[in-house]
Amino acid sequence: MTMADEFDLSNMSDDQKAAFGEAVRAYLLENPGVIFEAAALYEEQQAAQQARADETLVADNLDALYNDGYSWVGGNPDGDITVVEFLDYRCGYCRKAHPEVAELIAKDGNIRLIVKEYPILGEASLISSRFAIATQIVAGDEAYKAVHEALIAMKGNPGKGPLVRLAGTLGLDGDAIWAEMENEEVTRRISETRALGQKMGINGTPSFAFGDQMVRGYVPLDSMLEIIAELRQNG
C-alpha cells in the first residue's frame with residue numbers, strides 16, 4: 001500500500017477516519033495560522049485565474065473595446081496605452097474615480113482614454129447616458145466632453161428641465177439634444193455597449209480595461225500608475 005492509499009479516506013475504516021479527523025483538528029488548533037495561509041493561497045489562485053480569464057475576454061473583444069467607432073476618445077489619441085472606462089453617471093465610485101482618471105491622463109500625456117456609456121443603475125442613469133450620447137451626435141466630441149464633465153458632477157435628478165438648462169450653460173441647444181435622445185442610433189450604442197459589458201462579465205461600475213488587462217471596480221491613482229508602468233515594461 002502506498003502513502004497515498006493510506007490517506008485515501010475511501011480506504012479507511014470508520015475508526016481510522018475518526019482518528020484522522022481528530023489529528024487534523026488537533027494540528028489546526030495548535031497551528032491556526034495554517035488556515036489563514038491556505039485562505040490567502042486560495043485567494044491568490046482565484047485572482048490569478050480571474051486575471052487569465054479577463055485577458056482572454058479582452059483579447060476576444062478587442063475591436064468592440066477599442067474601435068467601436070462611436071465611443072468618445074480623450075487623452076492622447078495616439079497614446080501607447082489605451083484605457084477603457086465603463087461608467088454610470090449616477091455611480092458614486094465613478095464620481096470618485098473621475099478626477100483620478102483625469103489626473104492620470106494629465107500626468108502621463110501618452111494615454112488614450114475611451115469612455116463607454118454603461119448605465120446600469122436605473123432610469124436616471126439611462127437618461128443621463130442618452131443625453132450625453134445625443135450631445136455627441138448633435139454637437140460633436142467637444143460638446144460631449146463638456147456635458148460628460150457636467151453629468152458626472154450633477155446633483156439631483158436628470159429630467160428634461162435640468163438637462164436642457166445644463167446644456168444652455170455650456171452654450172448648447174438643450175432642446176435639440178433632448179429631442180435626439182430617443183433616436184435609434186442612441187439606443188443602438190447603449191445596447192451594443194451593454195451587450196459587450198455583459199459578455200465581459202461587467203456587473204458594476206467603474207470597470208476598466210488597461211491594455212490587455214481588466215480591472216473591475218474603483219482603482220486609486222497610484223494603482224493606475226503602477227498598472228500603466230507594468231504594461232509599458234512588459235510591452
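Computation of the quantities below employed the complete heavy-atom set of this structure, encompassing side-chain atoms and omitting hydrogens, waters and symmetry-equivalent molecules.
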Would you say Q198 and T193 make side-chain contact, with heavy atoms under 4.5 Å? no
Do I137 and V164 sit in one hydrophobic cluster, given that two such residues count as connected whenever their side-chain heavy atoms are within less than 4.5 Å of each other, even indirectly? no
Within 6.0 angstrom of Y93 OH, more than 12 heavy atoms from elsewhere: no
Which value, rounded to the nearest 0.5 Å, describes the distance between I190 atom CD1 and Y118 atom OH? 12.5 Å
Kindly give the heavy-atom pair with the smallest separation between P206 and A97, and that separation in Å. CG-CB, 4.3 Å
If you look at every heavy atom in K116 and A64, which pair is closest and at what distance? NZ-O, 2.7 Å
The criterion is salt bridge (Lys or Arg N to Asp or Glu O under 4.0 Å); which residues satisfy it with D175, sequence neighbours excluded? none
Does any part of the side chain of L113, heavy atoms only, come nearer than 4.5 Å to the side chain of V84, both counted from C-beta? no
Would you check if F208 and Q213 make a side-chain contact, meaning some heavy-atom pair closer than 4.5 Å? no
Working to the nearest 0.5 Å, report the span between CD1 of I228 and CG of L104. 5.5 Å
Sole residue of S71, S128, S125, S129 in side-chain hydrogen bond (donor to acceptor under 3.5 Å, both in side chains) with E117: S129
Check K199 with D60, please: is the shortest side-chain N to carboxylate O separation under 4.0 Å? no
Check: A176 main-chain N/O paired with D173 side-chain donor or acceptor under 3.5 Å: yes
Using the rule that Ile, Leu, Val, Met, Phe, Trp and Tyr join whenever any side-chain heavy atoms are under 4.5 Å apart, tell me whether F131 and V186 fall into a single cluster. no
D88/R95 salt bridge by N-O under 4.0 Å criterion: no
Drop me the distance from L221's CG to E103's CD, to the nearest 0.5 angstrom. 5.0 Å
Ion pair R188/E192, N-O distance below 4.0 Å: yes
Taking all heavy atoms of M214 and all of A209, pick out the closest pair and write down the distance. SD-CB, 4.2 Å
Thinking salt bridges, do E185 and R189 make one under a 4.0 Å N-O criterion? yes
Do N203 and R216 have side-chain heavy atoms sitting under 4.5 Å apart? no
So, taking the atom named CG in L166 and the one named CD1 in I177, what distance separates them when rounded to the nearest 0.5 Å? 9.0 Å
Is I114 close to E85 at the side-chain level, that is, under 4.5 Å between some pair of heavy atoms? no
Can you tell if the side chain of L172 reaches within under 4.5 Å of the side chain of T135, non-hydrogen atoms only? yes
For H148, the ring-ring contact (aromatic ring centres under 6.0 Å, His included) test, sequence neighbours excluded, returns Y89, H98, Y144
May I ask whether I133 and I152 are part of the same hydrophobic cluster, defined by side-chain heavy atoms of I, L, V, M, F, W, Y residues being less than 4.5 angstrom apart, directly or through others? no
Are the side chains of V147 and M154 in contact, using a 4.5 Å heavy-atom criterion? no
Test of understanding: clusters of I, L, V, M, F, W, Y form through side-chain heavy atoms closer than 4.5 Å, transitively. Do L231 and V101 belong to the same one? yes
Kindly indicate whether the side chain of E182, heavy atoms from C-beta on, has any atom under 4.5 Å from the side chain of R130. yes
Quick check for you: to the nearest 0.5 Å, what is the distance between F210 atom CZ and E230 atom CD? 11.5 Å
Any donor-acceptor pair under 3.5 Å from N76 side chain to R112 backbone: no
Linking I/L/V/M/F/W/Y whenever their side-chain heavy atoms sit closer than 4.5 Å, directly or via other members, would V115 and V219 fall into one cluster? yes
Roughly how far apart are I111 CD1 and D80 CG, rounded to 0.5 Å? 8.0 Å
Atom of I202, atom of S207 and distance for their closest heavy-atom approach: CG2-OG, 3.5 Å
